[in-house]
Undergrad: 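Have a look at the structure that comes next, please.
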Amino acid sequence: MADVHKKIKREGEDDEKTLKPSTSSSEEGEAKVVSTAPPHHALSTVTIDSQLRGSSEWSTFNVWRGLCCKRVDRVQIGTKMYETHELQKLIPQLEDAVQKRDQQIRQQQTIVETHVKRIAELEAEVTSLQRECDKLRSVLEQKAQNVASSPGARSPSNGSPRNDQDKHDKEVHDKLLDAASRAKKLAVSAEPAKLDAKPASLQHHIKNAAAKQLIRDAVHKNDFLKQLAKEQIIELVECMYEMRARSGQWVIQEGEPGDRLFVVAEGDLTVSREGIPLGTMRPGTVMGELAILYNCTRTASVQALTDVQLWVLDRSVFQMITMRLGMERQQQLMSFLTKVSIFENLPEDRISKIADVLDQDYYAGGHHIIRQGEKGDTFFIINNGQVKVTQQIEGESEPREIRVLNQGDFFGERALLGDELRTANIIAMNPGVEVLTLDRESFLKLIGDIDAVKKDYGDSDRLSQSTVPIIEPPSPTKVALQAEFDQVTLRNLKRLATLGVGGFGRVELVCINGDKSRTFALKALKKKHIVDTRQQEHIFAERNIMLETNTDWIVKLYKTFRDTKYVYMMLEVCLGGELWTTLRDRGHFDDYTARFYVACVLEGLEYLHRRNIVYRDLKPENCLLANSGYLKLVDFGFAKKLAPGRKTWTFCGTPEYVSPEIILNKGHEQSADYWALGIYICELMLGRPPFQAADPMKTYTLILKGVDALEIPNRRIGKTATALVKKLCRDNPGERLGSGSGGVNDIRKHRWFMGFDWEGLRNHTLKPPIQPKVQNPADVANFDSYPADPDVPPDEFSGWDEGF
Ligand SMILES: Nc1ncnc2c1ncn2[C@@H]1O[C@H](COP(=O)(O)OP(=O)(O)OP(=O)(O)O)[C@@H](O)[C@H]1O
Ligand SMILES: Nc1nc2c(ncn2[C@@H]2O[C@@H]3COP(=O)(O)O[C@H]3[C@H]2O)c(=O)[nH]1
Ligand SMILES: Nc1nc2c(ncn2[C@@H]2O[C@@H]3COP(=O)(O)O[C@H]3[C@H]2O)c(=O)[nH]1
C-alpha cells in the first residue's frame with residue numbers, strides 16, 4: 001500500500017494549480033496541517049507521513065476528513081500551505097478519483113489472476129511436452145544405438161522418391177517420426193505368462209472410497225489405461241497396494257528395469273533425467289505405466305520431494321487382471337457353445353473363433369426380437385431364457401404359436417441364407433432372454449452355408465482341415481544337409497562377416513573349414529541376457545519351431561550348438577539382405593512390388609498357421625531376400641505352437657505391429673498375424689508403419705483407436721489396398737480376413753491380388769520385382785556393416801540350455 005502514499009502525492013501535484021499555497025517549512029515528503037482554531041485548540045501542525053502508509057485510500061481520506069472537522073484552517077504539504085476549505089472542495093473529486101482507481105485495480109487484479117491461471121496451464125503443458133521430449137529422446141537414443149552399430153548404414157539418397165514426397169510431409173512431428181522410422185524397430189516381450197492355463201487369484205487391498213476415486217480419476221486421465229474395460233478398471237483399483245516414501249527417497253531410478261506402475265496419492269515428487277529436473281508429479285497422476293506391459297527401462301528418475309503416498313500395481317497383477325477378463329469370457333462362452341447342438345461336432349478352434357465374434361444382447365419379456373417379413377441380418381443363440389416362435393399362417397387372424405426355444409437353441413438363420421426376409425416371429429418370454437448374436441458376414445464366414453452347418457451335427461470335413469496336425473517329413477535336401485552337418489562343430493565354423501545384430505546377440509556369416517563356396521548364417525545368442533530377460537522359453541520355441549519347419553518361405557535351421565556363453569543356430573543364409581534395408585533405400589514400394597512381398601509372407605504364414613504356429617513378429621526387418629529375390633521369414637523368437645483353439649497371453653512383438661488384443665491382454669492367436677499383415681502392407685506402401693508415435697505407449701493408444709482413424713487411402717496406398725488393410729486390421733480378431741473358414745484363401749481372393757500368379761510364385765517362375773546383386777556366397781554387400789562387439793558376456797551355467 002506504499003502506492004497509496006504515492007498516489008496521494010500525485011493527486012496533490014495534479015491539483016496544485018488550483019490551490020493557493022502558503023509557505024511553511026517541512027521535511028521532504030511530509031504534509032503538515034496548520035490549525036487556526038482557538039487557543040485551547042492550540043495551533044496544531046499535523047504531519048502526514050509514513051503513518052499513512054499501509055492504510056487504505058479510504059482511511060487516508062477519513063484522516064483528512066477528521067482534520068477538517070477539527071476546523072483546521074490551513075494545511076502544509078511539503079513546503080506549501082493550503083487553505084482547508086479549498087482542500088475540502090477537493091474531497092469529492094478525490095473520492096471519485098479513488099473509486100475509479102479502485103475499479104481499475106480490481107480490473108487489473110482480474111487480469112493478473114487470468115494470467116496466473118494461464119501460466120499454470122502453460123507450465124503443465126511444458127511439463128507434459130518435456131516428458132514427451134524425454135521419452136522421444138530415449139526412443140531415439142535407443143534407435144540411434146541401433147543405427148550406430150551399423151556405421152555403413154546408408155541414408156536415403158537425394159532425389160529418391162521419398163525425398164520428393166517428404167516435401168509435402170507434415171512439419172516437425174513427421175520429421176521426428178521419419179527419423180524414428182529410418183531406424184529398425186525393436187521387438188519387445190514380457191516374460192512368457194505362466195498363466196496360460198489358469199489365472200491365479202487376485203489379492204485386493206483395502207482402501208477408502210476417496211482413495212479409490214483418486215485412482216479411478218488418474219486412470220481415466222491416462223490415455224492408455226482409460227481404454228481398459230470397466231470391470232478391469234474396477235479390479236485394478238482394488239488390487240493396487242499402498243507404498244510410502246519419505247522426503248528425499250528415490251521411487252524410480254533411471255535406467256533400471258521397471259515392473260510396476262504408480263499413482264501418486266499424496267505429496268509431490270520430482271522427475272529428473274541425468275540429474276536435470278524435468279518436472280513435478282502431483283497427486284492424481286500415473287507414472288511408469290509402460291512397465292506394466294513388459295519389461296522396459298525407466299526413462300527418468302523420480303524422487304519424493306515431500307513424504308509421499310503412492311498406489312502401486314505390479315505387472316504380474318495387471319497381466320492377470322487383463323488376461324482374466326478375456327479368459328473368463330472366452331472360457332464361459334466356449335463351455336456354453338460346445339453344448340449348443342449345432343456346434344456339437346465343430347472343432348474347438350472353430351468354436352473359439354465363433355466365441356470371439358459373438359455379441360451379447362438382452363430382451364425383456366414380450367419384446368419382439370424378430371418380426372416375420374422384416375429384413376434380417378442377425379443370427380441368434382439363446383444364452384439364457386426362452387423365446388416363443390409364432391408364424392402368420394394364411395387365413396388365420398392371429399399368428400400361430402409354433403414352438404418355444406430354450407437355452408442353447410438358435411434362430412434367425414433362414415434370413416441369412418438367401419431370402420433375407422424373416423420367416424417367423426420370435427418373442428422373448430418372461431422374465432427376459434439373453435442372446436448371443438452374430439452378424440451376417442461372420443455367420444456366413446464362420447458357420448458356412450446352412451447345409452454345411454446341418455451336416456456338421458455329425459462332422460465337418462471343411463473345418464477339420466485346420467486342426468488335423470500336418471506331419472510332413474522334412475524335404476530330402478534339409479534332411480540330407482542336416483545329416484551332412486552332423487559332424488560339424490563350432491570349431492569348424494569360420495567367421496567371415498557380421499550380417500546383423502539382434503536383441504540377444506549377433507548373426508555372423510560363416511563357412512565350414514574355410515570353404516567359402518558354401519556359407520551359412522550363425523546366430524549367436526547371449527545366454528546371460530536370455531536368462532536376465534527370462535526368454536529361455538522363447539529361445540527354445542524358436543529352436544524347436546525352426547527345426548520343425550521345412551519350406552521355401554522360412555529360413556532353414558540346420559544345426560544348433562551351445563557353449564558357456566552363447567547358444568547358436570546355424571541357418572540357411574539369405575544374401576539379398578533385409579527387406580527393411582531395401583525399403584529404407586527405396587522409400588516405399590508400389591502395389592506391384594508390395595504385392596509380391598506380401599504374397600511371399602502369406603505363403604509363410606499359411607504354412608505356420610496350418611501347424612498351429614503363431615509367428616508374432618512380422619515386420620520388414622524379419623523378411624530376408626534370398627539370392628533369387630524371393631522372401632523368407634527369419635527370427636522365430638516369438639513364434640509359438642498353440643493347442644488347437646487355444647490362445648496365448650504373453651505380450652510380445654514389435655510395438656508398431658502388435659494387435660489390440662495383445663495390448664489389452666485379451667489372449668491372442670494366429671489372427672494376430674493377420675493384423676500384422678495389414679500393418680506390413682501399409683509399411684511397404686507408405687514407407688513407415690501406419691501406427692507410429694514418439695513412444696510405445698502412444699503407439700499403443702493409436703493402435704487402439706483403430707485403422708479407421710488412419711488417413712488412408714492416400715497418394716501412396718490406394719483404395720483397393722486400403723480395403724484389404726481394413727479387412728485385415730479389424731479390432732475383433734475373429735472378423736479379420738483369414739480368420740474365417742476360408743482361411744488364408746480369403747486373403748488371396750481379395751481384389752488387391754486380382755490376377756496375381758500364385759502358381760508362378762509357388763514354383764518360383766514368377767519374376768521377383770527386385771533382383772538383389774549377390775556376387776558370391778561370401779558377398780555381404782546387401783547388409784549394413786557392423787563394428788565388432790566389444791562386450792564379452794559372462795559365462796552362464798544355470799543349465800537351462802540343456803538339450804539346445
Ligand atoms: N539367415 C540369415 N541370413 C542372412 N542374414 C540373417 C539371417 N538371419 C539373421 N540375419 C540378419 O541378422 C539380423 C538379426 O537376426 P534375428 O532377427 O534373427 O536376430 P534377433 O536377435 O532375434 O533379433 P531381434 O532382436 O530383432 O528379434 C536380421 O535382421 C538379418 O539382418
Ligand atoms: N521420461 C520422463 N518421464 C517422466 C516425466 N515426467 C514424469 N515422468 C514419469 O517418470 C517415469 C519414470 O519411469 P518410466 O520411464 O517408467 O515412466 C516415467 C513417467 O511416467 C518426464 O518429463 N520425462
Ligand atoms: N420359418 C420357421 N422358422 C422357425 C421355426 N422355428 C423356429 N424358427 C426360427 O425363426 C426364425 C425367424 O427368422 P428367420 O426366418 O431368419 O429364421 C427363423 C428360424 O430360425 C419354424 O417352424 N419355421
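Note that ligands are numbered from 1 as they come in the structure, with each ligand's atoms numbered from 1 the same way. Model, not experiment: these values are computed from the prediction.
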Undergrad: Considering the heavy atoms of Asn622, write down every atom of ligand 1 situated less than 4.0 Å from one of them.
TA: 17 (O)
Undergrad: Nearest to atom 23 (N) of ligand 3, what protein heavy atom do you find, and at what distance?
TA: Gln391 NE2, 3.9 Å
Undergrad: Counting only nitrogen or oxygen atoms and a 3.5 angstrom limit, does Cys574 reach ligand 1?
TA: yes
Undergrad: Which bit of Trp580 is near ligand 1, meaning a heavy atom under 4.0 Å away: side chain, backbone, both or neither?
TA: neither
Undergrad: Measuring from non-hydrogen atoms of Phe636 to any atom of ligand 1, is the shortest distance under 4.0 Å?
TA: no
Undergrad: For ligand 2, is any non-hydrogen atom under 4.0 Å from Val302's backbone (N, CA, C, O), its side chain (CB onward), both, or neither?
TA: side chain
Undergrad: Can you check which of Ala415, Gly376, Gly412 brings a heavy atom nearest to atom 18 (C) of ligand 3?
TA: Gly412
Undergrad: So, regarding Glu542 and ligand 1 (criterion: nitrogen or oxygen to nitrogen or oxygen, under 3.5 Å), is there a contact or not?
TA: no
Undergrad: To the nearest 0.1 Å, how far is atom 23 (O) of ligand 1 from its closest protein heavy atom, and which atom is that?
TA: Gly502 CA, 3.3 Å
Undergrad: Could you check atom 29 (O) of ligand 1 against the protein and tell me its nearest heavy-atom contact, residue, atom and distance included?
TA: Glu578 OE2, 2.7 Å
Undergrad: So do Ile512 and Lys494 actually touch side chain to side chain, heavy atoms under 4.5 Å?
TA: no
Undergrad: Can you tell me the protein heavy atom closest to atom 21 (C) of ligand 3 and the distance?
TA: Arg403 NH2, 3.7 Å
Undergrad: I'd like to know if the side chain of Arg440 reaches the main chain of Gly376, judged simply by a donor and an acceptor atom lying under 3.5 Å from each other, with no hydrogens or angles considered.
TA: yes
Undergrad: How far is atom 1 (N) of ligand 3 from its nearest protein heavy atom, and which residue and atom name does that atom have?
TA: Thr423 OG1, 2.9 Å
Undergrad: Can you sort out which atoms of ligand 1 are near Glu621, meaning under 4.0 Å from one of its heavy atoms?
TA: 29 (O)
Undergrad: Out of Lys523, Lys619, Arg616, which one pairs with Asp635 under the salt bridge (charged side-chain N to carboxylate O under 4.0 Å, His left out) rule?
TA: Lys523
Undergrad: Which residue from Val507, Thr581, Thr654 reaches closest to atom 15 (O) of ligand 1 through any of its heavy atoms?
TA: Val507
Undergrad: Look at atom 13 (C) of ligand 1 and say which protein heavy atom is nearest, naming residue and atom and giving the distance to 0.1 Å.
TA: Gly500 CA, 3.8 Å
Undergrad: For Thr654 and Glu656, indicate whether the former's side chain and the latter's backbone hold a donor-acceptor pair under 3.5 Å.
TA: no
Undergrad: What atoms of ligand 1 come closer than 4.0 angstrom to any heavy atom of Val555?
TA: 1 (N)
Undergrad: Just to check, does Leu290 reach to within less than 4.0 Å of ligand 2 when the distance is taken from its heavy atoms?
TA: no
Undergrad: With backbone taken as N, CA, C and O and side chain as the heavy atoms from C-beta onward, which portion of Arg273 lies under 4.0 Å from ligand 2: side chain, backbone, both, or neither?
TA: neither
Undergrad: Could you go step by step and tell me if Asp779 and Lys773 meet the salt bridge (charged side-chain N to carboxylate O under 4.0 Å, His left out) rule?
TA: CA-CA 9 Å; Asp779 181 4; Lys773 290 189 184 76; over 6 Å; no
Undergrad: Just one of Leu571, Thr560, Leu633 clears the side chain to side chain contact (heavy atoms under 4.5 Å, CB included) bar with Met546, so which one?
TA: Leu571
Undergrad: Polar-atom distance check: Val271 versus ligand 2, any N or O pair below 3.5 Å?
TA: no
Undergrad: Which of the numbered atoms in ligand 1 are under 4.0 angstrom from any heavy atom belonging to Leu499?
TA: 4 (C), 5 (N), 31 (O)
Undergrad: Any idea which part of Ala300 is under 4.0 Å from ligand 2, heavy-atom wise: side chain, backbone, both or neither?
TA: both
Undergrad: Under 4.0 Å from any heavy atom of Glu413, which atoms of ligand 3 are there?
TA: 16 (O), 17 (O), 19 (C), 20 (O)
Undergrad: Counting from 1, what ligand 3 atoms have a heavy atom of Ile402 closer than 4.0 Å?
TA: 22 (O)
Undergrad: When you compare ligand 2 with Arg298, is there at least one nitrogen or oxygen pair between them that comes in under 3.5 angstrom?
TA: yes
Undergrad: What do you reckon, does Asp617 have a nitrogen or oxygen under 3.5 Å from a nitrogen or oxygen of ligand 1?
TA: no
Undergrad: Nearest to atom 2 (C) of ligand 1 by heavy atom, Asp635, Val634, Leu624, Leu509: which?
TA: Leu624
Undergrad: Looking only at non-hydrogen atoms, which of Lys523, His538, Lys526, Lys632 approaches atom 20 (P) of ligand 1 most closely?
TA: Lys523
Undergrad: Does Arg315 make a cation-pi contact with Tyr294 (under 6.0 Å, within 45 degrees of the axis)?
TA: no
Undergrad: What protein heavy atom lies closest to atom 9 (C) of ligand 3? Include the residue and the distance to one decimal.
TA: Phe411 CB, 3.9 Å
Undergrad: Quick test: of every protein heavy atom, which one is nearest to atom 8 (N) of ligand 3, and how far off is it to 0.1 Å?
TA: Val389 CG1, 4.0 Å
